[in-house]
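Chain identifiers are assigned alphabetically (A, B, ...) following the order of the sequence lines, protein sequences preceding nucleic acid strands; residue numbering begins at 1 within each chain. Note that this is a predicted model, so its numbers are computed, not measured.
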Amino acid sequence: MDPSVVEFLAEDQMVNIVPSFSCDRVFLICGEVGPFRAGLPVKVPIWLALNLRQRQKCRVLPPDWMNVEQLLQAKEEESQSRFFNKMPSEHYMVEGRLLLGIAAEDIPQADEIRTILKDIWDIRMSKLRSSIDAFIKTGGTHAKLDHLTDMEINSIRPLLPHALDEMFSLQRVVRTHIFLYISNIFLSRNNSSALLLHYFIIST
Amino acid sequence: MEEFGDAISSEEETVTAQKVLKTLKDIWLNERNCPELLQHQTDVVDCMLDQIHQMEDNLCKLKKNDFRVVIHRQELDRIRYIIADYLRVRINKIEQYAIHILEQEGKRSPEDAVLSPAELKFAREFVANMESHFTLVALRHMPSNFQHFDKDKLTIAPNISSHVFLRAKRNITGVVIEGDSENRDEEVDLDENSQHIMQYKPIAEYVKSGAVQLI
């Protein structure tokens with residue numbers, strides 16, 4: 001998938017804004033938003049928040065987790081732990097990028113937050129790379145990916161599934177060759193037992 | 001104001017529209033990440049298109065400079081993108097696996113058809129056009145014993161043992177993964193909301209029943 005598709009999905013997440021206009025409820029297909037009262041916070045999807053912000057019709061309130069203290073703590077925990085921690089948001093990186101990109105003035109300490117988010121991303125990506133390396137070396141067929149966000153999964157999509165596909169088909173070739181080899185030995189000795197073995201292999 | 005009253009009277013409908021949108025999103029992601037063609041969801045797509053048309057009619061009644069128009073338009077564009085991309089992904093798969101899909105489709109009863117009627121027509125025409133094109137451009141200039149159009153040699157089947165990312169929507173026990181080189185089979189349990197990477201084949205049934213979401 002293209003990263004823009006993941007971004008598209010993340011844009012459906014909700015965020016609080018403070019509108020600078022008043023309007024009744026709006027009935028969208030994805031649910032109703034509003035009513036908008038100037039100065040009162042209201043929850044809207046990110047795509048709508050970005051649209052309104054670009055037209056200077058609102059101020060974006062940063063999500064609860066988007067502050068330096070919480071993120072520093074998350075970063076600390078992430079670097080301490082061998083496993084992946086649960087992130088405060090399913091789409092922390094995309095949300096951070098979108099909101100900080102368009103509404104940086106609305107979010108206190110935007111530059112620090114941006115740096116910490118990038119740090120967390122880097123820590124997690126290097127963990128991900130080393131665990132994939134270990135996973136492939138042990139010849140695993142299945143892995144649990146709990147607490148990985150969509151964007152992180154998407155970043156390994158071009159590589160990991162295809163590597164596993166290739167390994168699987170190589171193993172299949174190896175397996176059939178071993179069977180053929182064994183059945184050839186039998187064939188040279190005894191025709192009927194080879195046929196039996198062959199039948200056994202095919203039926204299993 | 002008209003739109004306001006309209007929505008109140010049919011509050012139930014707005015709730016379902018929301019659900020339909022959620023379903024549409026799920027089937028879109030499944031189709032995008034699934035190696036084989038999944039069953040067609042014409043009902044969901046048609047229902048969503050109806051919603052879009054209704055909304056567009058309502059929008060025409062609003063004043064041009066109404067601020068709500070822009071919001072609604074953007075939402076409609078987003079939904080239209082999902083529908084278009086969903087259908088495009090399906091068409092891509094149909095073109096790639098046309099012969100294989102038609103062959104499989106012939107063995108199914110009309111109730112569990114994978115292709116929608118329009119897609120079926122498209123697939124048939126696609127294969128027919130391909131055949132006549134090959135015949136016209138190359139095959140008829142060949143020696144007579146090579147002129148036969150061999151469909152079997154052109155068949156591409158999706159690789160259903162390819163690996164996919166998935167999220168379990170409920171607890172599933174005892175998914176059997178085909179063994180490694182020592183030929184041992186492995187059994188895994190999927191907990192609700194856990195994420196995994198594994199072969200598509202063992203979980204194909206769960207994708208179709210909706211117990212598993214591909215991501």
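- Only the side chain of B:Leu21 comes within contact range of chain A, with heavy atoms under 4.5 Å apart.
- In this structure, A:Asp106 does not pair ionically with A:Arg59, as no charged nitrogen and carboxylate oxygen lie closer than 4.0 Å.
- For chain B, the nearby parts of A:Met1 are the backbone and the side chain; heavy atoms of each come within less than 4.5 Å.
- Contact annotation for A:Cys30: both backbone and side-chain heavy atoms come within less than 4.5 Å of a heavy atom of chain B.
- With a threshold of 4.5 angstrom between heavy atoms, B:Asp85 does not approach chain A through any atom at all.
- Contacts of B:Arg78 with chain A are made by both backbone and side-chain atoms, with heavy-atom separations under 4.5 Å.
- For the residue pair A:Glu7/A:Ser4, the side-chain donor-acceptor check at 3.5 Å is not satisfied.
- Checked by atom type, the side-chain pair A:Asn51/A:Arg55 shows a donor-acceptor distance below 3.5 Å.
- For B:Lys151, the NZ atom counts as loosely surrounded, since its 6.0 Å shell holds 12 or fewer non-hydrogen atoms of other residues, nucleotides or ligands.
- Ranking B:Ile52, B:Val164, B:Asn33 against chain A, the residue ahead of the rest is B:Asn33, based on heavy-atom pairs under 4.5 Å.
- For A:Asp150, the part lying under 4.5 angstrom from a heavy atom of chain B is the side chain only.
- With a 4.5 Å cut-off on side-chain heavy atoms, B:Cys34 and B:Lys93 count as touching.
- In summary, of the residues considered (B:Glu36, B:Glu119, B:Glu95), a salt bridge (Lys or Arg N to Asp or Glu O under 4.0 Å) with B:Arg90 occurs for B:Glu119 alone.
- When the candidates B:Gln74, B:Met198, B:Met48, B:Gln199 are compared by the number of heavy-atom contacts under 4.5 Å with chain A, B:Gln74 comes out ahead.
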Please step through side chain to side chain donor-acceptor pair (under 3.5 Å) for the pair B:Gln213 and B:Arg167, ending with a clear verdict. CA-CA 5 Å; B:Gln213 172 72 43; B:Arg167 182 182 300 127; over 6 Å; no
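- For A:Phe8, the parts sitting under 4.5 Å from any heavy atom of chain B are the backbone and the side chain alike.
- For A:Glu11, the parts sitting under 4.5 Å from any heavy atom of chain B are the backbone and the side chain alike.
- For B:Ile79, the part lying near chain A is the side chain, with the backbone staying farther off; criterion is any non-hydrogen pair under 4.5 Å.
- Ion pairing of B:Arg170 with B:Glu192 is absent here, as no side-chain N (NZ or NE/NH1/NH2) approaches a carboxylate O to less than 4.0 Å.
- Residue B:Lys25 touches chain A through its side chain alone, counting heavy-atom pairs closer than 4.5 Å.
- Using a 4.5 Å cut-off between heavy atoms, A:Asp12 touches chain B through backbone and side chain atoms alike.
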